[in-house]
Visitor: 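Got a structure for you, written out below as structure tokens; questions coming shortly.
Sequence lines set the chain letters: A, B, ... in the order given, protein chains first and strands last, and positions in each chain run from 1.
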Amino acid sequence: MTITVAGEKKEYKDGLTLPELIDAEQVETPEYVTVSINDEFILTENKASTILKEGDTVEFLYFMGGGQ
Amino acid sequence: MAMTDEQIERYSRHIILKEVGAKGQKKLLNAKVLIIGAGGLGAPAAMYLAAAGVGTIGIVDADEVDLSNLQRQIIHSTADIGKPKVKSAKETMNAMNPDVEVKTYHKFVDSTNIRELIREYDFVIDGTDNFPAKFLINDACVMEKKPFSHAGIIRFKGQLMTYVPGEGPCYRCVFKNPPPKDAVPTCKQAGVIGAMGGVIGSLQAMEAIKYIVGVGELLTGKLLTYDAVNQEFRKIKLPTDTSKCPVCGTHPTITELIDYEQEICEETASRFEAER
Ligand SMILES: [Zn+2]
């Protein structure tokens with residue numbers, strides 16, 4: 001299936017879970033990343049059970065704390 | 001109030017823009033912006049807002065200028081080392097533009113002082129370096145119905161978003177709670193390219209100016225990310241449903257400000273230096 005991850009179209013196997021995608025994309029500090037799929041935030045408690053499907057658009061939003 | 005001949009000349013490059021004009025410049029001269037943190041982000045933001053003729057600029061910072069700041073905090077000079085950052089910032093801004101009234105607050109923001117502090121301003125810029133302060137600013141701005149620009153920078157990356165009451169998600173809509181201390185690296189642990197503050201802090205100043213003048217689209221409901229390694233900007237659309245947010249949602253559970261455990265970047269950095 002084709003999904004869009006951070007703006008890029010990518011091929012993944014059908015039935016891919018969100019944790020598998022996070023792993024494959026080598027997401028930094030995965031426990032603290034916010035995920036949105038098709039313009040909806042995925043609650044932390046639902047991350048593990050989320051399964052991706054053809055055409056999904058996934059964004060990873062990272063904490064960025066610096067500024068001084 | 002009419003502008004003086006000197007003001008008309010000083011701001012001529014603004015006034016000539018049809019989106020700004022004399023009307024927009026007067027809005028800037030009458031506007032009040034509060035910058036929290038006079039560091040990597042706050043320095044360029046403060047300088048561009050002062051140059052633009054924003055009439056009142058407040059600066060909050062409890063720190064003194066340190067040698068390790070000068071790689072990026074361009075509002076301060078070598079001669080300013082040891083001076084309160086707010087004082088050094090005020091001197092630079094006054095020298096640049098005497099039209100601007102700079103108000104200084106030599107302190108940390110916390111749950112007891114922030115709401116009163118932001119109340120008299122039209123727009124707030126978050127230029128702080130730690131999550132407790134970023135969440136505090138967000139919650140206070142939601143409660144006081146103040147628009148603000150959030151930003152963060154680290155290594156070769158930066159990002160920002162703008163909150164305008166009722167027009168899109170707040171910072172807490174995106175990030176529910178501060179990460180545990182040291183779970184996510186900060187600048188002092190990870191480093192940051194000095195010019196990153198210039199890029200992102202200038203974009204924050206741009207958001208403030210656009211909000212005041214009332215031109216174009218702000219970064220509401222969007223997170224603009226910048227990756228300097230690949231010279232890539234991305235504007236990520238944020239979910240629009242804010243109803244479940246604990247602070248800006250329809251049934252807020254956070255109704256009082258929270259002082260999370262403070263982690264003071266510069267202080268820890270100098271301690272780190274001393275230990276080396
Ligand atoms: Zn919110």
Side-chain angles (χ1 to χ4, degrees), chain A, chain B residues 36-42 61 63 69 72-73 85 126-131 133-134 150-155 157-160 169 173-176 178-180 183-192 196-197 200-201 223 225 232 234-241 244 263-266 269:
Chain A
M1 62 171 181
T2 307
I3 57 175
T4 306
V5 184
E8 269 183 61
K9 289 217 185 315
K10 297 208 168 167
E11 283 302 320
Y12 276 105
K13 63 167 173 122
D14 286 351
L16 183 80
T17 67
L18 182 54
E20 284 172 336
L21 178 69
I22 286 173
D23 199 43
E25 292 290 323
Q26 296 178 308
V27 167
E28 243 186 279
T29 56
E31 17 348 352
Y32 306 112
V33 79
T34 296
V35 183
S36 84
I37 300 179
N38 306 329
D39 285 340
E40 260 182 63
F41 290 119
I42 306 302
L43 296 173
T44 310
E45 55 266 36
N46 296 339
K47 270 187 190 172
S49 60
T50 299
I51 294 164
L52 292 140
K53 52 180 197 318
E54 172 72 32
D56 277 348
T57 297
V58 186
E59 292 288 356
F60 296 117
L61 306 159
Y62 298 93
F63 270 119
M64 224 173 263
Q68 279 287 33
Chain B
I36 306 180
L41 292 165
D61 201 304
D63 286 338
N69 298 152
R72 62 200 179 283
Q73 302 180 9
K85 284 187 184 174
D126 170 8
T128 63
D129 62 353
N130 64 86
F131 293 112
K134 288 185 188 300
H150 157 85
I153 51 174
I154 196 158
R155 300 190 185 112
K157 287 184 176 171
Q159 63 185 26
L160 73 158
C173 286
V174 186
F175 301 105
K176 293 283 166 287
V184 174
T186 57
C187 282
K188 64 163 191 287
Q189 296 154 333
V192 65
M196 185 56 72
I200 305 295
L223 182 76
T225 66
E232 219 166 52
R234 279 196 73 224
K235 198 154 82 175
I236 303 171
K237 192 176 171 293
L238 299 170
T240 45
D241 182 11
K244 291 187 203 80
E263 185 193 358
I264 303 152
C265 204
E266 300 300 337

Visitor: Can you tell me if A:K10 has over 12 outside heavy atoms packed within less than 6.0 Å of its NZ?
Guide: yes
Visitor: Kindly indicate whether the side chain of B:P178, heavy atoms from C-beta on, has any atom under 4.5 Å from the side chain of A:F63.
Guide: no
Visitor: Quick one: OG1 on A:T34 to CG on B:L238, what's the gap to the nearest 0.5 Å?
Guide: 10.0 Å
Visitor: Salt bridge or not between B:R155 and A:E28? Use side-chain N to carboxylate O under 4.0 Å.
Guide: yes
Visitor: Between chain A and each of B:V174, B:L223, B:T240, count heavy-atom pairs under 4.5 Å; write down the option with the most.
Guide: B:V174
Visitor: Is there a donor-acceptor contact under 3.5 Å from the side chain of B:Q159 to the main chain of A:Y62?
Guide: yes
Visitor: With rounding to the nearest 0.5 angstrom, report the CE to OG1 distance, A:M64 to B:T225.
Guide: 7.5 Å
Visitor: By a 4.5 Å heavy-atom criterion (distance strictly below it), what part of B:A151 contacts chain A: side chain, backbone, both, or neither?
Guide: backbone
Visitor: Would you say that A:E40 contacts B:D241 through its side chain, given a criterion of any heavy-atom pair below 4.5 Å between the two side chains?
Guide: no
Visitor: Within 45 degrees of the ring normal and closer than 6.0 Å to the centroid, is that where the cationic atom of B:K176 sits relative to A:F41?
Guide: yes
Visitor: Please report the closest heavy-atom contact between A:D39 and B:P239, naming both atoms and the distance.
Guide: O-CB, 3.2 Å
Visitor: Ion pair present between A:E8 and B:R234, side-chain N to carboxylate O less than 4.0 angstrom?
Guide: no
Visitor: CD of A:E45: more than 12 outside heavy atoms within 6.0 angstrom?
Guide: yes
Visitor: Contact part of B:D126 toward chain A, heavy-atom cut-off under 4.5 Å: side chain, backbone, both or neither?
Guide: neither
Visitor: Does A:K9 have more than 12 heavy atoms from other residues, nucleotides or ligands lying within 6.0 Å of its NZ?
Guide: no
Visitor: Measuring heavy-atom distances to chain A, does B:K244 have an atom under 4.5 Å in its side chain, in its backbone, in both, or in neither?
Guide: neither
Visitor: Given heavy-atom pairs under 4.5 angstrom as the criterion, report whether the side chain, backbone, both or neither of B:K237 touches chain A.
Guide: both
